[in-house]
Amino acid sequence: MRAREISVPVGNAKKKANSVPKLEDGFAQQDIISVSQFSRENLEHIFAVAEDMRAIVKKQGSTDLLRGSVLACLFYEPSTRTSSSFIAAMSRLGGTIIPITQGVQFSSVSKGESLPDTIRTLESYADVIVIRHPEMGSAQMAADCARKPIINGGDGVGEHPTQALLDMFTIKEELGRIDGLNVGMVGDLRYGRTVHSLARLLCLYDVQFDFVSPEILRLPLDVMNDIRDHGLPVAETYDVADIIEDVDVLYVTRVQKERFADLAQYEEVRDQYVITPELMAHAKDKMVVMHPLPRVGEISNDVDADPRAAYFRQMENGMYVRMALLAAVLGKV
Ligand code: ASP
């Protein structure tokens, strides 16, 4: 691949069946498994409610919109932001939580209980369940056996739809629009589920993509094909310097160490990209640097004071967006 070459995706093209229903009649009592469920109207609704939620939190801290409702958080993988922002979101909406977030080793999962049985148990106590699990497809599997709504909080290398919602909300808040933007995505595009969800969701808009990764961490073919199906311009390169002057959004990601079968391969690519003030000197005045976090060296701490560094605002937005989503799924907005 040469610098910014228009790429031909690697591997065999095989279209994935889309089994998750679209949210044509709104969010009430629906599973949230994949960004392929959302329309622009769905996003605009969530964004508008998230803005209201932010105003409520800033003004009075909480509301009783979901008083009496219970959220179960079932996390089979580590999490800081997704779990705590869902917990905070439910608390600020007046609801309560069953937090299985400190490690399923303290639940009957460690006794060998199956995912369907754990889901059946939690849904007899809770109104909605957020699940994070290392296997792709696990959230769908949970939804298939559940009567209550399931929200995908990250399914292995698959998707992370609620992160994509907060990422889109942040882009809109920071830059005032999504249409017409040039979005650069950097780092682990292969295993980064937030990249997969965000890239797919951006396809609802008129955007242009620049992908930057090492060869072994290029964007998966199915995501690339979704972008192509929408007819959006896409380029790939190995070097952030090739795109830094052009992008409106620089979405930086961590190399997902836990997904590598061969740690020697991880060591080869781990420190390939670091966003520094020197690099930022070439970026537009009005652009944003985003990161789903945690960062492990991809963005120098010296960038934090740059007004274009939006990752901490992005993280805070996660709570407002998840408040909006919970209220929508429980039929209140
Ligand atoms: N927190 C995000 C995720 O759960 C990103 C990451 O872990 O790098 O996918």
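Every number for a ligand or one of its atoms is a count from 1 in the order of the listing.
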All N/O donor-acceptor pairs, side-chain side in residues 278-287, below 3.5 Å, sequence neighbours left out:
{"unit_1": "E278", "atom_1": "OE1", "unit_2": "T276", "atom_2": "OG1", "d": "3.4"}
{"unit_1": "K284", "atom_1": "NZ", "unit_2": "D246", "atom_2": "O", "d": "3.3"}
{"unit_1": "K284", "atom_1": "NZ", "unit_2": "D248", "atom_2": "OD1", "d": "2.8"}

Would you list the atom pairs, donor with acceptor, under 3.5 Å between side chains in residues 142-152 and any protein atom, with sequence neighbours excluded?
{"unit_1": "D144", "atom_1": "OD1", "unit_2": "Q140", "atom_2": "NE2", "d": "2.8"}
{"unit_1": "K148", "atom_1": "NZ", "unit_2": "E123", "atom_2": "O", "d": "2.7"}
{"unit_1": "K148", "atom_1": "NZ", "unit_2": "A126", "atom_2": "O", "d": "2.9"}
{"unit_1": "N152", "atom_1": "OD1", "unit_2": "G154", "atom_2": "N", "d": "2.8"}
{"unit_1": "N152", "atom_1": "OD1", "unit_2": "D155", "atom_2": "N", "d": "3.3"}
{"unit_1": "N152", "atom_1": "ND2", "unit_2": "I33", "atom_2": "O", "d": "3.0"}
{"unit_1": "N152", "atom_1": "ND2", "unit_2": "D155", "atom_2": "OD1", "d": "3.2"}

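Side-chain N/O atoms of R322 and T162 include a donor and acceptor closer than 3.5 Å.
By the ring pair (Phe, Tyr, Trp, His ring centres under 6.0 Å) test, Y251 pairs with no residue at all, sequence neighbours left out.
Contact annotation: the side chain of L263 approaches that of K257 to within less than 4.5 Å [non-hydrogen atoms, C-beta and beyond].
Side-chain rings of F169 and Y320 stay apart, their centers remaining 6.0 Å or farther from each other.
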For ligand 1, output the ligand-protein N/O contacts shorter than 3.5 angstrom; if there are none, return none.
{"unit_1": "ligand 1", "atom_1": "1 (N)", "unit_2": "L293", "atom_2": "O", "d": "2.9"}
{"unit_1": "ligand 1", "atom_1": "4 (O)", "unit_2": "R132", "atom_2": "NH2", "d": "3.2"}
{"unit_1": "ligand 1", "atom_1": "4 (O)", "unit_2": "R193", "atom_2": "NH2", "d": "2.9"}
{"unit_1": "ligand 1", "atom_1": "7 (O)", "unit_2": "R254", "atom_2": "NH2", "d": "2.8"}
{"unit_1": "ligand 1", "atom_1": "8 (O)", "unit_2": "R254", "atom_2": "NE", "d": "2.8"}
{"unit_1": "ligand 1", "atom_1": "8 (O)", "unit_2": "R254", "atom_2": "NH2", "d": "3.2"}
{"unit_1": "ligand 1", "atom_1": "8 (O)", "unit_2": "Q256", "atom_2": "NE2", "d": "2.8"}
{"unit_1": "ligand 1", "atom_1": "9 (O)", "unit_2": "R193", "atom_2": "NE", "d": "2.9"}

